[in-house]
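Have a look at the structure below, then the notes.
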Amino acid sequence: ETKGISRLADTKGLSLDSFSPGMDKAIGCYDTAVQELIVIDDLMSALIGIEGRYISIKSVHGMEDCITFQVDASMDLALQELAKRVFPLCESYLLIDQFVESRSQFKNGVVNHAFAAALRALLLDYQAMVAQLEHQFRLGRLSIHGLWFYCQPLMGSMQALSTVVKKASANNCTGSAVLNLLQSQSKAMAGDNAVRSLLEKMTQCASKAYLGILERWIYEGVIDDPYGEFFIAENKCLHKDSLAQDYDAKYWRQRYSLKEGIPGFLANIAGTILTTGKYLNVMRECGHNVQVPSSENSKLMSFGSNHQYLECIKAAYNFASSELLNLIKEKYDLMGKLRSIKHYLLLDQGDFLVHFMDIARDELTKKLEEISVEKLQSLLDLALRTTAAAADPCHEDLTCCVERTSLLKTLGTLKDLETRAFSDDNGTEEPMSITGLETFALSYKVQWPLSIVISRKALTKYQLIFRFLFHCKHVDRQLCGAWQVHQGVRALNLRGTAIPRSALLCRSMLKFINSLLHYLTFEVLEPNWHMMCNKMQNAKSIDEVIQYHDSFLDKCLKECLLLLPELLKKVEKLKLLCLQYAAATQWLISSCIDIPKVEEVSDASLMSDKSKQWRSRSLSLALNKTTQNITVTESILKFEREFNAELQNLGPILSSNSQAEPYLTHLAQWILGIRNDQ
Amino acid sequence: REENEVSEEVLVRDVLYACQGIDGKYVKFDVNADGYVLLDTVKVPRTTRLIVRKLCELGWLFRKVKGYISESMDRFPAEDVGTVGQAFCAALQDELSEYYKLLAVLEAQAMNPIPLVSEPASSGNYLSLRRLSVWFAEPTVKMRLMAVLVDKCRVLRGGAMAGAIHLHAQHGDPLVHEFMRSLLQHVCSPLFEMVRSWVLEGELEDIFAEFFVVGQPVKAESLWREGYRLHAGMLPAFISQSLAQRILRTGKSINFLRVCCDDRGWADAATEAAAAAGTTTRRGSLGYGETDALETLVFEAAKRIDKHLLDVMHTRYKFKEHCLAIKRYLLLGQGDFVQYLMDIVGPELSEPANTISSFKLAGLLESAIRSSNAQYDDRDILDRLRVKMMPHGTGDRGWDVFSLEYDARVPLDTVFTESVMGRYLRIFNFLWKLRRVEHVLIGAWKMMKPNCITSNSFTKLQGTVKLQLLSTLRRCQVLWNEMNHFVTNLQYYIMFEVLEVSWSNFSNEMEVARDLDDLLAAHEHYLHSIVEKSLLGERSQHLYKSLFVLFDLILRFRSHADRLYEGIHELQARTVACSLPSQDKKKSRRQTSDKSSEPGSWVSDGRKALTQRAGEFLRNMAQELDAVSKEYTTLLEGFLSQLPMQQHVDLKFLLFRLDFTKFYSQLHPVK
C-alpha cells in the first residue's frame with residue numbers, strides 16, 4: 001500500500017519534471033472555439049487531478065496541501081476566468097484524494113478507514129460525473145458554461161469536505177477526534193442543508209466502525225481496539241488479587257479508565273459505558289459466562305437523533321449490573337459474608353469472644369515485640385472451634401493480626417478518614433507500653449469477587465471499630481473482676497474501711513463502661529446495620545452496594561467517636577483510669593483486710609466458730625488503724641476524684657459537639673446520667 | 001486531437017493488457033521506472049501519459065500478486081508451502097478470476113469506438129481513459145490490499161500466516177473488511193480443520209508443520225508431559241492463549257487415553273461433545289469469524305474428554321487408592337506394618353550393607369505385610385510394594401541403603417515419574433530414619449525401666465559409689481527424656497501437621513480437579529508441601545543436616561545407655577553374688593548364667609575391688625554421658641536457633657511445640 005502511495009508521488013514528480021514548455025504551441029494561436037474545446041478537455045483532466053496541456057498544477061514546496069493551478073497566460077481572458085472558477089473544485093478533489101490514500105493505511109485506525117471509505121465512495125461518484133461530462137463533451141454537447149453549471153452542485157460539498165480534511169490532516173486526527181471534528185463541522189455548517197446532510201452521512205459512516213468497538217465492549221466487555229482509538233483504557237498491571245492488600249482498591253477504580261477524547265455524542269454516557277464493561281469483566285474473571293440477550297434493536301446501528309443508541313447502552317448497563325449483583329449476592333453470598341464479618345469483627349458473637357479473651361489473656365498482655373502471632377492464631381482457631389462459631393462455615397477465613405501502633409495513632413495516620421484536628425496533635429504521647437490488648441485485631445480473608453465490596457479499606461475500618469470495642473470489652477472484664485473481688489469481701493464487716501467507697505466507685509465505673517458499650521453496640525452498630533441491610537435489598541448495582549457498605553462503615557466510625565479525637569482521648573483516659581483502678585483493687589482490698597482471703601472466706605462462711613471469726617474481725621479492725629489503711633483510702637479517693645473529674649469534663653464536650661452531631665446526645669444521656677445519679 | 005499519434009482506443013486496449021500483466025504495443029513494463037509506462041517514442045499529450053501511468057498501477061500490483069501465486073505454485077512439490085499457504089493462493093486466485101471477469105467485460109466495451117467531437121455520435125458503451133479510471137477504482141483497492149498481504153506473507157507459513165492476515169483484517173473500511181473476511185475464511189479453513197480433528201479425534205493432520213500443536217515421539221510415560229507442546233510462532237492471534245492451551249490438552253488427553261490407558265471410550269465422549277456444540281464431526285464445519293463456535297466446540301470437547309480421562313484414572317486405574325497406598329507404605333502411614341517391619345528387619349539391617357541379601361529382605365517385607373493389617377489390602381497394591389537397596393559405599397550399614405519402593409505402572413507413571421518417586425524415596429528415608437530413632441529410644445526405655453525398679457536394691461553398696469550410681473542413672477534418664485521429647489514432637493509434627501494436613505488438602509484438590517493437569521498440579525503441590533515442611537527442601541538443607549547429626553547422636557546414646565545398663569546389670573549380679581550367694585532363685589540363676597559367660601572376672605576380686613571397679617566404670621560412663629549430653633545440647637540449640645529462620649509457618653509451630661515451656665529459649669536466649 002505504501003508502495004502504491006509512493007508510486008503515485010513518483011508519478012506526480014515525474015510529471016512535473018517532464019513538463020517541457022514549448023512542446024506545444026501556445027494556446028493563444030488557436031481560434032477561440034478551439035481554445036474552448038482544449039480548455040474543456042484540460043479542465044476535465046484537472047477535475048480528476050491530472051495536468052492538462054495548458055493547465056498546470058503547482059504544489060508549493062514544503063506544504064503538501066497547498067496546491068495552485070495555473071493556466072497558460074495566452075489563453076482567452078474570458079476562458080481563463082471561467083477556468084479559474086472551476087479550480088477550487090479540482091483543488092478539493094486533489095486534497096480529498098490524497099487524504100483518502102493516506103488514511104486508508106492500517107496504522108491510522110478504523111475510524112479513519114471508515115471515513116476514507118466514505119470519501120472514496122463520494123469521489124467515485126465524482127469521477128463518474130466527470131466521465132459523464134466527458135461523454136457529453138465527446139458528443140459535442142458540452143460548452144464551458146455547461147461544465148461550469150454541472151460543477152455547481154458539487155462545489156459546496158467538496159469545499160466543505162476539503163476543509164474538514166484539511167483540519168483532520170493538520171491535527172493528524174484519529175479515532176474519536178475525527179468523529180468530533182465531523183460532528184462539530186456539521187453543526188457549524190448547519191445552515192447549508194445539503195452540506196450538513198452530507199457531513200452527517202460521513203459522520204454516520206465513520207462512526208460505524210467506532211460503534212462496532214463500543215458494541216463489543218458493552219455487550220461482551222472486550223476491548224477490541226487494535227489502533228488505540230477507544231476511549232476506555234485497560235491497565236493490565238493491576239491484578240484482581242491486589243484488592244486484598246491494596247488499601248485504595250486500585251484494581252476496582254483504575255483497572256479500566258476513561259481516556260482522553262471521548263466522542264461528543266457519548267460524552268454524557270461515558271461513565272455508564274465504562275461501568276457496563278467493567279461489570280462484564282468482573283463476571284468473566286469469576287469464570288461466569290455471560291451472554292447478553294441479543295435482539296435486533298440492540299444493534300448499535302447509528303447515533304441518530306432518536307437516541308436509540310442511548311437506550312441500548314442503558315439496557316446493556318442494566319443487564320450487566322443486575323447480573324453482576326445477582327452473581328455476587330446469590331452465588332458468592334455477600335450478605336452471609338458481611339453477617340459473618342459482623343459476628344466477629346463487630347463482636348456480635350459473644351461466646352467466642354469471651355472464650356478467646358480467656359485463653360489468650362496471657363499472650364495479649366505481653367509487650368508488642370514478644371507476642372507470637374502464630375500462637376494467637378492457634379488460640380483463635382481453638383476459640384472458634386469450641387464455641388458456637390464452629391457452626392459458621394465462614395469461620396475458617398478469620399485470621400488475627402497485631403498492629404504496631406495504638407488506636408489513636410493509627411487513626412491519625414489514616415489520612416483519608418475525615419480526621420478533623422488529628423493533624424495538630426502529632427505530639428500525642430504514645431502510651432509507654434502498649435500491649436496486645438490495644439493493638440490486637442482480627443482480619444478476614446476475603447476472596448475475589450467479594451473483595452470488590454469488602455475492600456482492604458473497608459476491612460481496615462472494621463478493624464478500627466473492632467479494636468475500640470475489643471478494648472472496651474477488656475476494660476469491662478477487668479472491672480467485673482474488681483467487682484467480684486468486692487463481692488468476695490462483702491460478708492465482712494467493712495465499716496470504717498475504704499472498701500464501701502471503693503465498691504461505689506467500681507460500680508460507677510462499670511456503669512460508665514457498660515453504657516458506653518451499650519451505646520456503641522445498640523445505638524450505633526445495630527441500627528446502622530439494619531439500615532444498610534434494608535438498603536442493600538433494593539440496591540440496583542454493585543456500585544450502589546459498595547456505596548451503602550462504605551457509608552455504613554463511615555457512619556459507624558463517626559458515631560463510634562473514632563473520628564472525634566478530643567472525645568476519644570477523654571474516653572481513652574477514662575478507660576485507662578478504670579484499668580488502673582481494676583489493677584489496683586486486689587492490692588487495695590488485701591491491704592484493707594490483711595488476712596489470707598481463703599481462710600477468711602471459709603471462716604466467714606462457716607460462721608460456726610464464732611471465736612475465730614471474732615478474732616479475725618478484731619484483727620482486721622486492729623489493722624485498720626495502720627497508716628497503710630490511710631494511704632489506701634487516699635488512693636481510692638484519688639481514683640474517685642480523677643474519674644469524676646474526667647467524667648465531668650466529658651459533659652461539656654459532649655454537649656458542645658452534640659449541636660453538630662446529634663447522635664452524641666444519646667451518648668450524653670447515658671453517660672451524664674451517671675453524674676446525675678451520683 | 002491532431003497531435004495524437006495513437007488513438008485513445010488503442011491506448012485503452014493497451015492499458016487493459018497491461019492490467020493483466022501483458023506488455024502492449026505502446027504500454028510496456030519499464031524496469032527502471034518499476035511500472036508500466038507509455039513508450040517515450042509515442043507522441044501523446046502529457047495528460048494521456050499521466051493518466052495511463054496512473055491506471056497502470058493496477059497492472060503493477062497485479063504482476064506482484066500473480067507472481068507470488070505462480071511462485072508458490074511452482075515451489076509446491078519441491079518445497080512445502082503448507083496447506084494454509086495453498087489456501088491463501090487459492091483465495092487469491094479466486095479474487096483474480098473475479099478481476100479477469102471485469103477485464104473481459106471492459107475489453108468488450110473497449111471494442112466500441114470512442115465518439116469524437118468532429119464525428120457524429122455512435123451508440124454503445126465505449127471506454128475512454130477517464131471511464132477506465134472509474135472502473136478501476138474498486139479493483140485497485142482490493143489489488144493493493146492483496147499486494148500488501150503478499151508482501152507480508154512471503155516468508156510466513158501455517159498458523160503464522162493466518163495470524164499475519166488476521167492482523168490486517170481489522171480495517172474500518174466495510175469493503176476491505178468484508179474482503180478480508182472472506183479471504184480469511186478460506187485461509188483459515190485448513191487450520192480449523194486441524195483443530196477439529198485434533199480436538200475430536202486426537203489426530204495431528206499436519207504434514208507441513210503448520211499447526212500450533214507440535215508432537216514429538218516419546219515414551220508412554222512422558223507422553224503427557226513432553227509429548228505435545230504449543231508452537232507459539234504458529235499460534236494465530238485470533239485464538240487466545242488459554243483456548244490454545246485447552247485445545248492442546250484436549251487432544252493430548254485423547255492421545256493419552258489411546259496410548260497409555262488403552263481406552264476407547266473417548267470416541268463416544270467426542271461425538272457427544274460435537275453434538276452438544278451443535279456441529280457434526282464432519283470436516284470443514286468451522287470457519288474464521290466463528291470464534292464462538294470454535295470455543296464452544298473446544299469447550300464441550302475438553303469438558304467431556306477431561307471428565308472421561310479423570311473417570312478412567314479414578315475408576316479403572318484407581319489413582320486415589322494408589323496415592324493412599326503410597327502414603328501408607330512409603331510415607332509410613334500404616335503404623336502396625338511399619339512397627340512390625342522395623343522389628344523384624346532391624347537385626348538384618350545392622351549388618352554391613354554388602355552382606356545383606358535383598359531376597360531375604362523381600363521375604364521379611366512379605367511377612368511384615370502378612371502379619372499386619374496390610375494383609376487385607378488389595379493384592380494389586382501389595383504386589384507393587386518392593387524392597388529397594390540403594391547403591392552402597394564402603395562401611396554403609398543396612399540401615400543406610402534399605403528403602404521401600406512402589407511400582408507405578410502405565411499410565412500412573414505419568415503422575416509418579418522417576419523424579420517424583422525419587423522425592424518420595426527421600427521422604428521415605430527421612431521418615432524411616434526418624435522411625436528408627438524413635439524405635440531405638442523406645443528400646444532404650446524398655447531396658448531402663450526394669451533396671452530402675454531393681455536399682456532400689458543397691459543398698460549394700462558403698463556410699464560414694466551408690467551416689468555416683470544414682471546420679472549417673474539420673475543423668476541417663478534425663479537425657480533420654482530430653483531426646484524422647486524432641487523425637488516425639490518431631491514425629492508428631494511430621495505425621496500430623498505435615499503428612500495428614502497435606503493429604504487432606506490433596507484430597508480436596510483431587511475432588512475439584514477438572515483435568516489431568518489439575519490432578520498433576522495437585523499431586524505436585526502435595527509432594528512439594530511435604531518436602532518443604534519436613535525440612536527436605538532446598539532452603540532447609542542446613543537444618544536437615546543438623547537434624548541428621550542429632551539422630552546419629554541419639555543412636556550413639558543408645559549404645560552408651562546399653563553399655564551403662566549392662567554394666568549396672570553385671571554389677572548388680574556381682575553384688576548379689578558377693579553378699580547373698582543364694583537369696584533369690586531368679587537372681588542366682590542370673591548370677592550363674594553371668595558366671596558361665598565370664599568366668600572368674602570379678603568374683604575373685606572380692607568386695608573392695610568390686611566397689612573400686614564399679615566406681616571406675618561409673619565414672620567413665622558418667623563422663624561419656626556428660627560428653628553426649630553436652631553435644632546433644634549444643635546440637636539441639638543449633639537446630640532450634642535455625643528453626644525460626646524457616647519460611648514455613650508450620651515450622652514455627654514445631655518450635656512452639658518443642659519449646660512449649662520456653663525452657664530452651666530461657667536456657668540460651670537467642671540474640
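Convention: sequence-line order gives letters A, B, ...; per-chain numbering from 1. Because the structure is a prediction, the values reported are computed rather than measured.
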- Decide yes or no on side-chain contact (heavy atoms from CB on, under 4.5 Å) for B/Val141 and A/Arg120, but give the supporting numbers first. CA-CA 10 Å; B/Val141 172; A/Arg120 183 182 291 131; 3.5 Å; yes

- Message: Counting only heavy atoms not in B/Arg514 (residues, nucleotides, ligands), do more than 12 fall under 6.0 Å from its CZ?
- Response: no

- Message: Is any side-chain heavy atom of B/Val134 closer than 4.5 Å to one of A/Val130?
- Response: no

- Report the relative orientation of the aromatic rings in B/His171 and A/His113; use parallel for angles under 30°, tilted for 30 to 60°, perpendicular for over 60°. parallel

- Query: Between B/Arg144 and A/Glu101, is a salt bridge (Lys or Arg N to Asp or Glu O under 4.0 Å) present by the stated rule, with each step listed?
  - Reply: CA-CA 11 Å; B/Arg144 222 176 256 170; A/Glu101 291 300 332; 2.4 Å; yes

- Message: Please classify the contact of B/Ile51 with chain A as side chain, backbone, both or neither, using a heavy-atom distance under 4.5 Å.
- Response: both

- Message: So, taking the atom named CG in B/Asp173 and the one named CG in A/Asn112, what distance separates them when rounded to the nearest 0.5 Å?
- Response: 11.5 Å

- Note on the structure: Turns out that what part of B/His168 lies under 4.5 Å from chain A's heavy atoms comes down to both

- Around atom OH of A/Tyr150, are there more than 12 heavy atoms of other residues, nucleotides or ligands at under 6.0 Å? no

- Judged by atom type as modelled, is there a donor-acceptor pair below 3.5 Å linking the side chain of A/Ser45 to the main-chain atoms of B/Thr47? no

- Message: More than 12 heavy atoms of other residues, nucleotides or ligands under 6.0 Å from NZ of B/Lys28: yes or no?
- Response: yes

- Please state whether the side chain, the backbone, both or neither of A/Phe115 comes within less than 4.5 Å of a heavy atom of chain B. neither

- Query: Considering only heavy atoms from C-beta outward, does the side chain of B/Glu138 approach that of A/Leu124 to under 4.5 Å?
  - Reply: no

- When the 4.5 angstrom heavy-atom criterion is applied to A/Ala117 and chain B, the contacting part is both

- Query: Does A/Glu134 have any salt bridge (Lys or Arg N to Asp or Glu O under 4.0 Å) partners at least two apart in sequence or in another chain, and if so, which?
  - Reply: A/Arg138, B/Arg130

- Task: Might you point out which heavy atoms bring A/Tyr227 and B/Leu167 nearest each other, and give the distance in Å?
- Result: OH-O, 4.3 Å

- Query: Any idea which heavy atoms bring B/Ser133 and A/Gln127 closest together, and the distance?
  - Reply: O-OE1, 3.9 Å

- Note on the structure: Cut-off 4.5 Å, heavy atoms of chain B, and the answer for A/Val111 is neither

